[in-house]
Number of protein chains: 2
Amino acid sequence: MTPLSYALLGLVRQLPRSGYALRKVFETTPLGGYSSSPGSIYPALKALEKAGLLETRGSASHGKGLYHLTPGGERALNDWLGAPIGDLGEAMLRFAFLPDDDAHAIHSFLDRFEQAASAQAQGLGAFLAGDGSDGMSMKARLAVEHGRHGLQASVDWARWARRQFGEADRGGSG
Amino acid sequence: MTPLSYALLGLVRQLPRSGYALRKVFETTPLGGYSSSPGSIYPALKALEKAGLLETRGSASHGKGLYHLTPGGERALNDWLGAPIGDLGEAMLRFAFLPDDDAHAIHSFLDRFEQAASAQAQGLGAFLAGDGSDGMSMKARLAVEHGRHGLQASVDWARWARRQFGEADRGGSG
DNA sequence: CCAACCATGTAAGCTGTTACATGATTGA
DNA sequence: TCAATCATGTAACAGCTTACATGGTTGG
């Protein structure tokens, strides 16, 4: 179960699709960072079908059928969505597939994401302040600072995102 | 030639080292994001030696020798350092290994890095503003915004880094 | 008929990960 | 001697990329 597999499960839960339609999503959105080309997507779909997490039902206009989530797939997706945050990139993918109606899950995620990003940023700060970075060139230090700034941007994003939901909850369009 | 290969060449140019010493660098610095464990580093070193980019000379206190850069390795490293910027993560790795004394190369790099990050940020902005993002959930949009914020942080970092070099050039410690 | 695109699939090759296998040396 | 650490290596496996293969359909 790679990030790509979960992205496929998440997309299929949103809307049952054909393999081709799924490929198009990766080709036309920033989700493309998780894959590209048939060589990864079709085998991944086959594996998910074999594992009983997806099944093909109904039939598109001409070709085969559309992939649907099985109960097992639903479970696997939910387990993944609820798992503790490790890699921040994977966490962001998860965020995009959190259920729309579960405000608690969303806020809980943002809290944990901010904590994880903050901890990693502090880790880099400690590295730069400590003796591990002795003898490093100025450029190498600046490269580490780049990572730190990026993590700080994640922290700031989490706070900003919480505000967005707050505004949406209060009825943004009025 | 993967990013890991170039990281090894860059480290060896800084200071000839044994395979074990190189591994330790990856284990004890943020460079660890590019590898981990002997399973990738030792084979990569063997491949670089076979390709004539590294050679083992001299001898450490007990074990084998130390890896040194060959003229071919020097050339390969310089080619890589001067290549156009594509992936920003790889670019940052390159930045860390730019020659310390080449102020022109450093400023040129920061210019190009800022441009690349800015262009990518604008690409995401256009995606969010255009019809490609129609029908996306608010969370999916926010996830894209996260990417945009991170790229903006890269742009800001590049400007900040230029100032750091400006101060260093004027003699920062006085 | 030919070109182009829809739609799916497979095979070869590269990298990296995990986990295990050596041996040498150092300290209790 | 036992455990730990130094120092190197390998074998099995997973995943992705590139590139090619296969058919159907649409339009000139």
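Only heavy atoms go into these numbers, but all of them, side chains included; no hydrogens, no water, no symmetry mates. All chains are named by letter (A, B, ...) in the order of the sequence lines, taking the proteins before the strands, and each is independently numbered beginning at 1.
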J.: Output the rounded distance in Å from CG (A:Leu8) to P (C:dT8).
T.: 13 Å
J.: Give the residues of residues 38-54 of chain B touching DNA chain C, defined as any heavy atom closer than 4.0 Å, sorted by residue number.
T.: B:Gly39, B:Ser40
J.: Rounded to the nearest angstrom, tell me the gap between atom CG in A:Asp87 and atom C1' in C:dT17.
T.: 15 Å
J.: Write down the distance between OH (B:Tyr34) and P (C:dT17), rounded to a whole number of angstrom.
T.: 13 Å
J.: Nearest-Å distance, CZ (B:Arg17) to C1' (D:dT8)?
T.: 18 Å
J.: Hey, is the side chain of B:Thr2 poking within less than 4.0 Å of OP1 or OP2 on C:dG16, counting only N and O atoms?
T.: yes
J.: Of the nucleotides C:dT8, D:dC6, C:dT18, which one has an atom closest to the side chain of B:Ser37?
T.: C:dT18
J.: Does any pair with a residue in residues 92-105 of chain B pass side-chain hydrogen bond (donor to acceptor under 3.5 Å, both in side chains), and if so which ones, sequence neighbours excluded?
T.: A:Lys139-B:Asp100
J.: Below 4.5 Å, heavy atoms only, C-beta onward: do A:Trp80 and A:Leu93 meet side chain to side chain?
T.: yes
J.: Checking the side chain of A:Ser18 only, and the main-chain atoms of A:Leu66 only, is there a donor and an acceptor separated by less than 3.5 Å?
T.: no
J.: Can you measure A:Leu66 atom CG to C:dT8 atom C1' for me and round it to whole angstrom units?
T.: 14 Å
J.: What's the CG-C1' distance between A:Leu22 and C:dG9, to the nearest Å?
T.: 15 Å
J.: Nearest to the side chain of B:Leu4, heavy atoms from C-beta on, is which of C:dG16, D:dT17, C:dT18?
T.: C:dG16
J.: Mapping A:Met1 and B:Ala21 onto DNA chain D by nearest heavy atom, which one lands closer to the 5' end?
T.: B:Ala21
J.: Answer yes or no: does a side-chain N or O of B:Tyr20 lie under 4.0 Å from OP1 or OP2 of D:dT8?
T.: no
J.: Sort and list the pairs that fulfil salt bridge (Lys or Arg N to Asp or Glu O under 4.0 Å) and have at least one residue in residues 71-89 of chain A, not counting sequence neighbours.
T.: A:Arg13-A:Glu74
J.: Membership question, hydrophobic clusters at under 4.5 Å side-chain separation (ILVMFWY): are A:Trp157 and A:Val155 in the same one?
T.: no
J.: For B:Asp111 and B:Gln115, test the side chains for any donor-to-acceptor distance below 3.5 angstrom and give the result as yes or no.
T.: no
J.: Among side-chain atoms of A:Tyr20 and A:Lys24, is any donor-acceptor pair under 3.5 angstrom?
T.: yes
